Amino acid sequence: MKKLSIIIFALCLPLFSVAEDDYAELLFEQGVTAYNAENYDVAITSFRKLPELGYISADLYYNLGNAYYREAEFANTIWCYEKALLLNPSHDDAKFNLEFLNNELFSDRDSVPPSFFNEIWNFLYTLFSPTTWIILFLILQLVLPALILIFFFSASRKKRRMFFYFSVLALFLYLISLCISSWAYYSINNPSKAVIKNLSVPVRSEPGQGGTNIVVVEQANTVQILDRSENWLKIELPDGNVGWILSEYALDLSRDLP
Amino acid sequence: MRRLAFFLLFMWTSLILWSQVEFTASSNVISVPVGQSFSITYLLKGANPETFTKPSFNGFRLIGQQSYTGGGSFQIIINNQVVNDGGGENRWIFSLQAVKEGTFTIGPAKVKAGGQVYSSNSVEITVTKGGNAVANNNSPQNNSSKNSSTQTKNTNNEYAYLTATPDKNSVFVGEPVIVSYRIYTKVDISQYGVDKTESMDGFWIEDLVSPSSQAKTWNETINGEVYLVGEIRKIALYPQNTGTYTIPALDVEAILQIPNQEANNPFDFFNKFFSDPFGSDPFKGIGSTQEKRILSSTPISINVKPLPEHGKPESFENAVGDFDASIKINKKRCLTGEGLILKLTVTGQGNLMLIDAPELEVPPGLKVYDPETNDDFSININGINGIREFEYMLVPEIAGNYKLGPWEFSWFNPQTGRYETQEFDAINLKVAKGSGSGPSSGTNEVKQDIRYIHEKSPSRVMLLEFMFSTVFWIFFSLIWLAFFIILYFMRKHIKLRSNLNEFKMKMAMRVAKNRLKKANKFSKEGKENEFFQELSHAMWLYITDKFTVPISDLSVDNVKETLLSNGIEEDLALRFTEILHACDFARFAPVSDKGNMKDLYDKASKLIVDVQTGTK
């Protein structure tokens, strides 16, 4: 009898994950319904449970950001949009909403214009989602050797020339998709952005008690993290200033929302 | 009779000497209760005294220091009062204490000046059993105001102390409490320091007396002792929350001039001064030691009551005081897009600085901007009064007739304990359509908002996890490994069709053409032998490069077979052999054949082109 129950339990094990999937779907729908009914705090609680279950996606953070926006928690909103764009740089709606909110909050913010190379890179990086890039890479991984072999074995000049060009193009795309996929892999696992959580955070020239206040950074600004020490973050502001802030004043994209 | 004689004497002296010397006696009181002290002052004007003889103070006890204030340019300060104003005035001040009941006359003092003796008038003082002292209104030094101190200390053994007196102990939120800080002192205070107004939670604090100005002073008699009182500070506290608050004690650091015992005999100093007027510092002679003391007031408890809920108008915000309000608009006709200025003015006494701009409701089609606040405050003894003006900018966006208001402004008056409301009449505004350069009309304005959420449920599959995983590396390396293995085993097959051969073929024609060009040059120069040699060489090279046949395998005899086996048409192969034979023949023939040279050259170039196009 005891043996039987163990066997039944073992057989049921795979079902739990299915149940978990159902539960996640339920939570998500619950969040959407609450959002539509303008119960934004309920929506926030529902959406926030999903990453804990391992459901991490750009859409989820985008929805969570929208709910935070409705609750006027702008630092959290920006954090969510940044997270959504980190997971999927080609998320158009997240891009739109982030830009919209930044315009609303900091209409007169001056930022350092990106370099030409950065612009091309950003264009490529935000062209497709990382998933698409990875799929592209995997396809090319199969296609590129095949094309090269066809080129080597084809007899007619016409064919050879055609496959030569195909191979070069495939190689080019193969390298780009490899670069972008690797970069996406790296940056998603090592996010280097943070959103200022508190009102008017002093930026210091040194971590700790020494040093002076360089500048004050306002709430909901997104900063680049250059370095982390125990309780301090070395950050670069949108206007190019570099300094240190207490890490508790910022929402680090590498951590969860508090 | 005796009094009359004194009086006549006084009349006589004053009549005679009016123009030059005046010597008078006065007291700050005309009536005192037993035990209380007062002062009597002898004033000499217009003469330099040589000797001074005090009268007998019968019925009184001499307690205070008798003071002499000499003429000259220096000032002497006693009990914080400037006693010598310069200009040849001399005063002798005596502090006396009433001992027994009755009416007493203080006889004239005598002073010798310029060889003459002057006598002062005498002063009559009534000593009562109880009650208050009656001040002498003619007294020059009695400039005091009425004292209403609610907190006194038994300070017989203290030289100086500090009191804090609020004007009321229970107020409404927003109603000011006025606290006066006073120093009571029996001795000179040469210096004192008050800290800046510190902030207090729950209160807005306003200094009513600027700290730089001179403190107001007067005399006061408490428990039979004369104190000089200085009001060093006066503040108005505007409570912002209800509850019971304690106003902390104020600490004042003061340097007291405590008289030495031996200086109590007045004539010691007096005589010393005249016997040795230049020998010593006259101030030192007063005989006092400096002592630094911290004077602390007692903390005050203030009860702040909430404003009554009963009768609170809807328009009430937080104005407490005695106010008046008015509203004004700069024009009543305008065009769309034009700015109008609406001014709401609040005047009066109260918590003006805390009044927020009331929100004005306007009909749709009008835009109201946040108001600008202009203040004109002044400070008087009861707190802050003045004007606060809110300037609203209105911009009509759609043409039409508007009715603005009616609005109202309300405040709470703590004096009456009631709310008061000022109603403003509605303003009629006519707006005509502007030239169109104004802001866009409100109806077609695009409302900006964020985009809607994504309702599709998110998938759990993350391809990202696949990147750089073990499976990924296996997949990656297996494919490339297979690729290179295939390349390795098929390398011979590939080499035949390699890019290198194709390159050689391409180069063949270029080389041949170059060779032919050189041959052509020789033919033009008429160098027959070189021409044929070059042409033959070019042909051979072209064949070996083009068909990848080793040159050692070739001869004039087997060239035709080689060409045929390489898929060249028989016709072309024949032409090759023909040209090669012709070249050989011409090279060794003794007769020159210039015409043949041109013909052969054309044949060779045509053949190469034909072969090139044929193999394509």
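Keep in mind the model is a prediction, meaning the values are calculated, not measured. Letters go in sequence order (proteins before strands), and every chain restarts at 1.
- Put simply, the side chain of Phe466(B) reaches to within 4.5 Å of the side chain of Leu138(A), judged on heavy atoms.
- Summarising the local packing, CD of Glu218(A) is surrounded by more than 12 heavy atoms from other residues, nucleotides or ligands at distances under 6.0 Å.
- Around CZ of Phe172(A), the count of heavy atoms belonging to other residues, nucleotides or ligands within 6.0 Å does not exceed 12.
- Only the side chain of Tyr81(A) comes within contact range of chain B, with at least one heavy atom under 4.5 Å from a heavy atom of that chain.
- Listed here is the closest heavy atom pair of Tyr35(A) and Ile453(B): CD2-CD1, 3.5 Å.
- Side-chain contact check for Tyr452(B) and Asn97(A): no donor-acceptor pair (N or O, by modelled atom type) lies under 3.5 Å.
- Of the listed residues Ala146(A), Ser181(A), Pro145(A), Ala94(A), the one with more heavy-atom pairs under 4.5 angstrom with chain B than any other is Pro145(A).
- In this structure, the portions of Ile135(A) lying under 4.5 Å from any heavy atom of chain B include both its backbone and its side chain.
- Counted within 6.0 Å of CG on Asp370(B), heavy atoms from surrounding residues, nucleotides or ligands total 12 or fewer; the atom is thus considered open.
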Verdict with supporting geometry, Asn63(A) and Glu455(B), side chain to side chain donor-acceptor pair (under 3.5 Å)
CA-CA 8 Å; Asn63(A) 289 358; Glu455(B) 286 186 322; over 6 Å; no
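- Between Phe472(B) and Ile134(A), the closest side-chain pair of non-hydrogen atoms is not below 4.5 Å.
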Kindly list each side-chain donor-acceptor pair under 3.5 angstrom involving residues 39-46 of chain A, sequence neighbours excluded, with atom names and distances?
unit_1	atom_1	unit_2	atom_2	d
Thr45(A)	OG1	Asp41(A)	O	2.5
Thr45(A)	OG1	Val42(A)	O	3.3
Ser46(A)	OG	Val42(A)	O	3.1

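- Here CG of Leu101(A) is found 8.0 Å from CD1 of Ile450(B). Values are rounded to the nearest 0.5 Å.
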- Do Phe152(A) and Met490(B) pass the side chain to side chain contact (heavy atoms under 4.5 Å, CB included) test, and can you show the C-alpha distance, the side-chain angles, and the key distance before you say yes or no? CA-CA 10 Å; Phe152(A) 278 138; Met490(B) 309 295 273; over 6 Å; no
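- Within a 6.0 Å sphere centred on CD of Glu359(B), other residues, nucleotides and ligands contribute 12 heavy atoms or fewer.
- Neither the backbone nor the side chain of Asn189(A) comes within less than 4.5 Å of any heavy atom in chain B.
- Atom OH in Tyr69(A) sits 14.0 Å away from atom CZ in Arg451(B) (nearest 0.5 Å).
- Counting heavy atoms from C-beta on, the side chains of Leu149(A) and Leu487(B) come closer than 4.5 Å.
- Side-chain N or O atoms of Tyr185(A) include none that pairs as donor or acceptor with a backbone N or O of Glu465(B) at under 3.5 Å.
- In this structure, Phe137(A) and Phe476(B) have parallel ring planes: the angle between them is below the 30° cut-off, well short of the 60° mark.
- Residue Asp93(A) comes nearest to His454(B) through the heavy atom pair OD2-NE2, 2.8 Å, listed as atom of the first residue, atom of the second, then distance.
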